[in-house]
Amino acid sequence: PVQVKLTTTIHQDGQQENFTFSEDGNFVELNGKYYLRYVEHQNGQATPVQFCLDNQVHLHREGVMRTQLEFDQEKETVTRYRTEYGVIRLGVVTKRLEKDLDLAVPAGHLNVDYVLKTGGQEVGNYQLQLQFRA
């Protein structure tokens, strides 16, 4: 078991929004990969979240809108974002990816700055700061 703190800053259409979550979670190793799992609680909704902290970093959120993002500083990755209006194809451009894990504790932090694009247009800029500790 670990304590998780996640702060997300979103810059979109000249506006800025900040979200901070503190949740209980689990840090596990499966088949040589490390996973951080927790449930995010916001506005009466419980959203399962999973980070795969491997060579690349993957983020999966299973809420009303399902999100699967892959962060890779070497190349733009593509995801399909499922909304109530249908599926949107998004490009994920990772500007900064800093990850530090202490497997003995376990503890770690992750900082990701990324841009989401669709049809060649920027949808928004995002900063994600994740910390966890047993």
Side-chain angles (χ1 to χ4, degrees):
V2 293
Q3 182 63 40
V4 179
K5 182 178 181 191
L6 175 70
T7 301
T8 304
T9 303
I10 303 170
H11 299 275
Q12 211 169 27
D13 298 326
Q15 304 287 321
Q16 177 177 313
E17 287 185 278
N18 296 301
F19 299 95
T20 300
F21 299 97
S22 292
E23 303 285 358
D24 293 324
N26 289 296
F27 183 74
V28 297
E29 180 199 350
L30 291 171
N31 301 321
K33 294 184 180 184
Y34 298 96
Y35 297 90
L36 177 66
R37 298 176 177 153
Y38 62 94
V39 177
E40 200 172 87
H41 296 90
Q42 180 184 18
N43 301 330
Q45 298 275 353
T47 304
V49 178
Q50 174 178 280
F51 283 88
C52 176
L53 304 168
D54 199 15
N55 292 335
Q56 265 71 44
V57 173
H58 299 262
L59 165 62
H60 301 271
R61 296 181 83 246
E62 292 291 338
V64 174
M65 292 180 272
R66 185 172 174 225
T67 307
Q68 291 186 317
L69 301 176
E70 178 184 350
F71 302 111
D72 186 338
Q73 280 192 278
E74 303 297 316
K75 65 181 192 284
E76 181 175 326
T77 60
V78 176
T79 188
R80 285 166 179 72
Y81 189 66
R82 180 164 289 133
T83 70
E84 59 268 22
Y85 306 109
V87 177
I88 301 170
R89 183 183 160 101
L90 294 174
V92 181
V93 180
T94 305
K95 302 287 190 179
R96 177 175 72 129
L97 178 61
E98 296 172 353
K99 175 182 65 170
D100 184 33
L101 300 176
D102 183 343
L103 301 175
V105 174
H109 73 267
L110 173 69
N111 294 310
V112 184
D113 294 350
Y114 64 101
V115 176
L116 293 181
K117 297 163 66 173
T118 186
Q121 299 292 314
E122 235 178 63
V123 175
N125 286 283
Y126 301 80
Q127 287 87 39
L128 184 147
Q129 295 176 305
L130 175 73
Q131 298 173 331
F132 67 93
R133 180 175 264 310

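Bear in mind the structure is a predicted one, so any value in this text is a computation, not a measurement.
- The closest donor-acceptor contact from the side chain of N43 to the backbone of Q45 lies at 3.5 Å or more, if one exists at all.
- Rounding to the nearest 0.5 angstrom, the gap separating the CD atom in Q50 from the CG atom in L59 is 9.5 Å.
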Full working for side-chain contact (heavy atoms from CB on, under 4.5 Å) between T47 and Q42: CA-CA 8 Å; T47 304; Q42 180 184 18; over 6 Å; no
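- With hydrophobic clusters built from ILVMFWY side chains whose heavy atoms lie under 4.5 angstrom apart, F21 shares a cluster with V4.
- Between V92 and E70 there is no side-chain heavy-atom pair separated by less than 4.5 Å.
- In this structure the side chain of V123 reaches within 4.5 angstrom of the side chain of Q12, judged on heavy atoms.
- Between the T79 side chain and the Q68 main chain, a donor and an acceptor come within less than 3.5 Å of each other.
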Worked verdict on Q56 versus T77 for side-chain contact (heavy atoms from CB on, under 4.5 Å): CA-CA 11 Å; Q56 265 71 44; T77 60; over 6 Å; no
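- Nearest heavy atoms, H41 versus A46: CD2-CB, 4.0 Å.
- For R96, the CZ atom sits in a packed shell: over 12 heavy atoms of surrounding residues, nucleotides or ligands are nearer than 6.0 Å.
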L6/V49 under side-chain contact (heavy atoms from CB on, under 4.5 Å): CA gap, chis, key distance, verdict: CA-CA 11 Å; L6 175 70; V49 178; 5.9 Å; no
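- When atom types are taken as modelled, the side chain of Q127 and the backbone of I10 share no donor-acceptor pair closer than 3.5 angstrom.
- Scanning both residues, N26 and V2, for their nearest heavy atoms gives N-CG2, 3.9 Å.
- Between the CG atom in L110 and the CG atom in L36 there is a gap of 9.0 Å [rounded to 0.5 Å].
- One finds the OH atom of Y126 at 4.5 Å from the CG atom of L116 (value rounded to the nearest 0.5 Å).
- The distance from the CD atom of Q129 to the NE2 atom of H109 is 9.5 Å, given to the nearest 0.5 Å.
- Criterion: ILVMFWY side-chain heavy atoms under 4.5 Å apart, direct or through other members. Under it, F71 and V93 are not part of a common hydrophobic cluster.
- Checking side-chain atoms of K99 against main-chain N and O of G108 turns up no donor-acceptor pair under 3.5 Å.
- Closest approach of E76 and G91 over heavy atoms only: OE2-CA, 3.4 Å.
- Looking at every heavy atom in both residues, V105 comes nearest to A134 through O-CB, 3.5 Å.
- Taken to the nearest 0.5 Å, the CG atom of D54 stands 7.5 Å off from the OH atom of Y35.
- Follow the hydrophobic side-chain contacts under 4.5 Å out from V112 and you never reach V115; the two are in separate clusters.
- The neighbour count for Q121 CD, taken as heavy atoms of other residues, nucleotides or ligands under 6.0 Å away, does not exceed 12.
- F19 is connected to F132 through a chain of hydrophobic side-chain contacts under 4.5 Å among Ile, Leu, Val, Met, Phe, Trp and Tyr, so both are in one cluster.
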Derivation and outcome, side-chain contact (heavy atoms from CB on, under 4.5 Å), residues F27 and L53: CA-CA 10 Å; F27 183 74; L53 304 168; 4.1 Å; yes
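- Counting heavy-atom neighbours within 6.0 Å of E29 CD, excluding the residue itself, gives a total above 12.
- Scanning all heavy atoms of the two residues, the minimum distance from Y38 to D24 falls at CB-O, 3.5 Å.
- T94 contributes no side-chain N or O that, together with a main-chain N or O of Y114, makes up a donor-acceptor pair within less than 3.5 Å.
- Taken from CZ in F51 to CZ in R37, the straight-line distance is 13.5 Å, to the nearest 0.5 Å.
- In this model, a donor atom of one side chain and an acceptor atom of the other lie less than 3.5 Å apart for T9 and N18.
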